[in-house]
Undergrad: 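The structure under discussion is supplied below as structure tokens; questions concerning it will follow.
Counting starts at 1 for both ligands and their atoms, following the listed order. Treat the numbers as computed from the prediction; the structure is a model and nothing was measured.
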Amino acid sequence: MNTVLVVFVVLLVLKLGTSIVLDMLNLRHAQARTSEVPESFRDFIDLPTYQKSIAYTTAKTRFGIVSDLYDAGVLAVVLLWGILACFYQLFSSWFGYGIWGQALVLFLVGLVLSLPSMPFDYWSTFKLEERFGFNKSTRKLWLVDKMKGTLLGFAIGYPLLALLIFLVTWAGPLWWVWGFSVFFLFQLVMVVAYPMFIMPLFNKLEPMQDGDLKTRLFALADRTGFQAQTILVLDGSKRSGHSNAFFSGFGRFRRIVLYDTLIEQMEPEELEAVLAHEIGHYKLGHIPKMMIMAAITSFGMFAVLGWLTNADWFVQAFYFDTPPEGQIVIVPVLLLFMLLSGLVTFWLSPLSSRLSRKHEYEADAFARDAMGSDQPLSKALRKLHKENLSNLTPHPVYSSFHYSHPTLVERETAMRAD
Ligand SMILES: [Zn+2]
């Protein structure tokens, strides 16, 4: 076995091991006390619901561990047995080594590699979520979603991949700088295009209906300096009982999306607080800040890609043939990068989670000030945790590694503190 494969196996085992240890820690922590509700949660959650939230955390964690083991196994088999190289060579012999042919090969290999995880996706929706009463999707809708997603991925991905391959042949050794620029522009466009054009392909997104609630929310938006026409309601209940709200876009293209499930669960005052939190994300410039972070990350990734394109040993280690003179080598590199980058970026997730949590604290403080009290948002968050059966007692190490939002206790404490 060559050195590159040994490094791959070590990284894979380290990631899998760390992930499972964190899961087990978190699970034990959640299961530590099931006979009574901890003191700080007693006034909003009853014992049966609390126990149900622990059962949900347990089921999700176990499912996560099994699917992580399975994914790692599939990845190891695909790479160590040279299956990836086989697929690449087979598809290339069909579609050729030109720009459009190679883009198609890349898309198709990616599609084939996504198939092994399909049963887990199905199980998660129709067994796990179903058992806890969250699933509202049907088998037909699930299948239609998959097909729509694939077609959309093809419509957007195919020309983009072809452009990337073209850049390699056209721009020479510094192609990756161009690749990064194209990719970054694409990300900018997607921040705006996603809620405007892509979400409506899967969900109904409508302006709020007239009424008392709309008047109250629009008044709050005016007060905090957010143009209110862009508050939309999404029919999340079509697929899941989980509730949510989010902010997207920037400038004239800003959008706040509230799930219909959220509107159903909350009192008007609580919804105002959630809206104020989302407006906080907008007013405090969180999207541009995240975009800058994403740009720095993808610049680094493209630099690595640029370096790997010139490293024959890398693709050869995974059983790819040496490409004949004058042929494009980028697709094997892109395929391997797609499969392997997670082994490295996994270790960066505490950093990005931390930045995201910082933004959540800031948006919470904004909402508290806009509402004149920490109570409305606090009540809304408690309800969100209860309705979504969120884990109320995650292990601190687990939450600091994985959580994009601070825990309920952390958020309430922070809102009271400053
Ligand atoms: Zn937030």
Undergrad: Hey, is there an N, O or S on E360 sitting under 2.8 Å from the Zn ion (ligand 1)?
TA: yes
Undergrad: Between D374 and R368, is a salt bridge (Lys or Arg N to Asp or Glu O under 4.0 Å) present by the stated rule, with each step listed?
TA: CA-CA 5 Å; D374 64 332; R368 176 203 57 202; over 6 Å; no
Undergrad: Any Lys/Arg nitrogen of K146 or D121 sitting under 4.0 Å from an Asp/Glu carboxylate oxygen of the other?
TA: yes
Undergrad: Does the distance from a Lys or Arg side-chain N to an Asp or Glu carboxylate O, for E269 and R216, drop under 4.0 Å?
TA: no
Undergrad: The Zn ion (ligand 1) to H277: any N/O/S contact under 2.8 Å?
TA: yes
Undergrad: Flag H281 as yes if one of its N/O/S atoms falls below 2.8 Å of the Zn ion (ligand 1), otherwise no.
TA: yes
Undergrad: Any donor-acceptor pair under 3.5 Å linking the side chain of D235 with the backbone of K238?
TA: no
